[in-house]
Amino acid sequence: MSAVSAPRIRQVVPRSRNIEAALLLFVAGINAYELAQVQLSTIQILRSDFWLYWAPLAIASLVVHMILRRKASEADSLLLPIGVFLNGLGLAEIYRLDLAKQAANATDLFATKQVIWTIVALAAAGATIWFVKSHLSLRRYVFIAMVVGIALLISPMLPIIGRNINGAQLWIGIGPLTFQPGELAKIALVVFFAGYLVSRRDSLAVVGRKVFGVHIPRARELGPILAIWVLSLVVLVLQRDLGTSLLYFGLFLVMIYVATGRAVYVAAGLSMFIAGALVASRVMSYVSGRFDAWLNPFDQAHYDAVGGSYQLVQGIFGLAHGGIFGTGLGGGLPQLVPLAESDFIVSSLGEELGMVGLFAVLICYVLIVSRGMRISFTHQDDFSKLLAVGFSFVIALQCFIVIGGVTRVVPLTGLTTPLLAAGGSSLLANWIIIGLLLRISDSGNKRGDA
Amino acid sequence: MSELALFLVRFGFMAVLWIFIFSIIGVIRADLFGQRVVGKATERSVPQVLSTPIIPAAPSGAVSVVSSSAGRSSSIATRLVIVEGEHTGKELPLSGRELHIGRAPNSDLVIDDEYASTQHAKLVLMNEDWLIQDLNSTNGTYLAGARVGTPAVVKLNTPVKIGKTVFELRA
């Protein structure tokens with residue numbers, strides 16, 4: 001279009017792709033280092049199955065890189081390397097836990113599954129970049145996204161396919177395969193919220209009365225907020241999962257705040273959620289148990305109780321064992337924590353990398369989120385802005401809920417650490433989110449000075 | 001492996017981890033400063049280099065001149081200022097190249113409202129005058145209140161209305 005006559009001072013291969021290639025090589029080196037360190041310190045030799053855990057991620061990330069060169073040459077250069085780094089670090093730690101379990105003759109191994117899911121997830125990210133020509137086409141599917149998102153959210157509650165694992169009704173299962181549809185619902189709900197808020201932004205922000213300087217929106221504008229609130233409470237009560245419901249409700253509040261700039265929605269929504277959660281904690285033993293375990297984890301009664309604070313306390317002991325510099329990969333005892341490879345991967349890594357290493361991991365998440373916010377700034381239209389903010393915030397909030405739960409900042413809930421933890425659905429959903437952010441950043445950067 | 005070797009491997013990994021983090025932060029830094037220095041410099045240099053920009057063939061050769069209340073046609077506009085609508089107060093620098101306006105996200109000026117077309121209009125520099133050309137938009141482009149048919153000269157400080165947005169060219 002404008003390229004016909006406008007003088008374009010632009011390199012054939014954008015600088016960002018070359019930076020990405022260099023960083024990806026660096027990350028492949030780091031992953032090799034991790035795996036070698038794990039093998040050397042647990043089984044004292046380098047075994048050939050090293051390649052099984054190293055090569056698939058390295059090759060898959062290079063394939064995504066080549067797709068970016070062809071289809072989204074001006075996409076952000078840092079998201080892919082950081083994502084691959086986190087994925088590889090998680091894989092190395094899961095493999096390390098597998099080695100410890102094999103030594104104890106346990107059979108619940110995860111590393112091979114994680115390798116397969118890594119390939120699937122990176123393929124999905126690549127396919128997202130390849131087939132979604134422009135993220136703006138998502139705007140046509142806003143109401144389909146709503147239906148799909150809500151269907152995914154309630155599908156674990158359906159009688160035949162729903163599965164209850166570890167007390168939470170969050171999975172669907174077909175035969176031996178289980179899947180956590182709530183993770184994919186994140187993507188659908190971000191698309192729906194962005195599309196909905198763009199069309200309703202004006203009436204939400206402007207219409208209404210002012211009482212003592214506080215903007216009070218009309219009752220009918222509050223309808224959808226009430227609907228989302230009810231939905232998140234239904235998730236809380238029927239699926240018995242505080243984290244998931246907090247994630248979706250928090251996401252909605254932040255997106256409505258970004259769209260309207262009115263803090264009254266956040267204040268009203270948060271107090272509604274806290275009121276709902278408090279009532280639930282009185283009525284439901286599951287929620288009150290989580291709260292008690294959070295407030296008094298070292299109490300002997302809570303420590304010994306079924307579903308009590310045993311896991312949380314073991315995780316904290318692990319973090320304390322790691323100290324500042326950690327025990328080194330393969331040097332600690334993270335296998336003592338239940339679910340060390342999924343919900344508690346952060347405490348496993350904290351034990352083996354120490355505070356210094358865990359901070360590096362946290363900075364990676366901060367960088368992903370800050371890149372996402374920057375991507376949203378490069379766009380002029382509100383749909384793109386909201387989409388990028390929603391995707392990056394959902395990663396930020398999920399990290400806060402999980403890592404805050406493990407380190408006893410907030411009550412512990414069963415969410416996965418994005419890109420790091422064992423679990424196919426989570427890996428798949430988060431890589432698709434990264435793929436969409438890359439796609440959004442490409443069109444943001446291509447328009448020139450924004 | 002010996003204790004010492006494991007110790008070195010352990011701290012070596014910490015070093016590698018943080019080198020990775022700092023190389024990423026280095027990229028972000030280069031990004032920021034690169035944009036500020038290089039980006040603006042090339043942008044400014046474009047108008048001087050381009051004395052005769054290429055103009056695509058206008059649909060009709062006739063160019064109607066709409067008189068405006070103020071403005072000397074000799075002075076060239078250097079910026080576009082939005083005076084009404086969603087992005088009021090926003091400015092775009094005008095270089096020698098043509099400027100696409102519309103809902104399309106790759107437009108130079110994106111106007112996101114229901115009354116704007118995807119490819120709504122474009123501004124073209126010809127002989128030191130900026131011309132506005134309506135690209136067969138549904139709701140039209142209005143220059144000083146009159147609907148633009150053939151490409152028209154936009155004088156300084158003359159309101160141009162597209163959808164709900166009004167902008168002016170200023171020196």
Side-chain angles (χ1 to χ4, degrees), chain A residues 1-2 4-9 15-16 19-20 22-23 26-27 29-30 33-34 36-37 40-41 44-45 77-78 81-82 85 89 134-136 198 325-331 352-354 356-357 359-361 363-364 367 370-371 374 379-384 443-444 446-450, chain B residues 1 5-28 30-32 34-35 38-40 42-43 45-46 49-50 53-56 86-87 90 92-93 95-100 102-114 119 122 124:
Chain A
M1 283 168 273
S2 62
V4 179
S5 61
R8 286 232 148 174
I9 314 160
R15 187 171 155 267
S16 55
I19 292 172
E20 184 179 81
L23 284 173
F26 194 175
V27 168
I30 296 177
Y33 195 136
E34 286 157 1
Q37 192 186 352
L40 285 176
S41 52
Q44 272 79 41
I45 47 157
S77 56
L78 302 177
I82 298 173
F85 166 73
L89 183 63
S134 160
H135 61 279
L136 291 160
V198 164
F325 292 105
T327 59
L329 282 170
E352 305 218 307
L353 301 179
V356 175
F359 275 9
V361 173
I363 286 178
C364 284
L367 287 171
S370 69
R371 287 316 265 188
R374 186 182 164 277
H379 279 275
Q380 285 192 337
D381 67 300
D382 296 317
F383 182 70
S384 311
S443 65
K446 270 205 177 116
R447 219 190 31 247
D449 43 4
Chain B
M1 273 201 1
L6 272 180
F7 181 83
L8 290 178
V9 166
R10 219 176 99 192
F11 280 90
F13 185 66
M14 286 295 140
V16 171
L17 210 58
W18 281 96
I19 290 170
F20 174 64
I21 300 287
F22 279 110
S23 55
I24 285 178
I25 291 170
V27 171
I28 294 177
D31 233 24
L32 288 173
Q35 265 180 6
V38 181
K40 293 285 176 190
T42 52
E43 202 173 88
S45 65
V46 167
V49 176
L50 264 153
I54 316 120
I55 305 284
E86 206 183 320
H87 300 289
K90 205 170 160 181
L92 273 176
S95 55
R97 49 178 269 201
E98 61 181 56
L99 202 83
H100 281 250
R103 269 161 79 170
N106 58 355
S107 311
D108 302 283
L109 173 62
V110 177
I111 293 181
D112 196 19
D113 75 43
E114 288 120 69
Q119 311 281 342
K122 66 178 177 183
V124 187

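Here the structure is a predicted model, which means the values were calculated and not measured. Reminder, nothing fancy here: chain letters follow the sequence lines and each chain counts from 1.
- By the 4.5 Å heavy-atom criterion applied to side chains, A:P81 and B:I24 are not counted as neighbours.
- A heavy-atom distance below 4.5 Å is not found between the side chains of A:I363 and B:F22.
- Considering CG of B:L17 and CD of A:E34, their distance stands at 7.5 Å, rounded to 0.5 Å.
- Between B:I28 and A:L367, some side-chain heavy-atom pair lies under the 4.5 Å cut-off.
- For a residue to count as touching a neighbouring chain, one of its non-hydrogen atoms must lie under 4.5 Å from one of that chain's; by this rule A:L78 touches chain B with the side chain only.
- The shortest distance between side-chain heavy atoms of A:L40 and B:V9 does not fall below 4.5 Å.
- When every heavy atom of A:Y33 is checked against every heavy atom of B:L8, the shortest pair comes out as OH-O, 4.4 Å.
- You'll find the side chain of B:R10 stays beyond 4.5 Å of the side chain of A:E352, heavy atoms only.
- Of the residues considered (A:S384, A:G326, A:S370, A:C364), A:G326 shows the highest number of contacts with chain B, using heavy-atom pairs under 4.5 Å.
- Of the possible donor and acceptor atoms, none in the side chain of B:W18 sits under 3.5 Å from a partner among the backbone N and O of A:G357.
- Using a 4.5 Å heavy-atom threshold, the side chains of B:M14 and A:L353 count as touching.
- For B:F11, the CZ atom is densely surrounded, since the number of other residues' heavy atoms within 6.0 Å is greater than 12.
- Scanning both residues, A:L23 and B:F20, for their nearest heavy atoms gives CD2-CE1, 4.4 Å.
- For B:L99, no part sits under 4.5 Å from any heavy atom of chain A, backbone or side chain.
- With a threshold of 4.5 angstrom between heavy atoms, A:T327 approaches chain B through N, CA, C or O but not through any side-chain atom.
- The environment of CZ in A:F359 is sparse: at most 12 heavy-atom neighbours from other residues, nucleotides or ligands sit within 6.0 Å.
- For the pair B:R103/A:D381, no side-chain contact is recorded, criterion being any heavy-atom separation below 4.5 Å from C-beta on.
- Among all heavy-atom pairs drawn from A:S41 and B:L6, the shortest one is CB-CD2, 3.6 Å.
- The heavy-atom pair separating B:F13 from A:L89 by the smallest distance is CZ-CD1, 4.3 Å.
- Of the two parts of B:V16, the backbone and the side chain both hold a non-hydrogen atom closer than 4.5 Å to a non-hydrogen atom of chain A.
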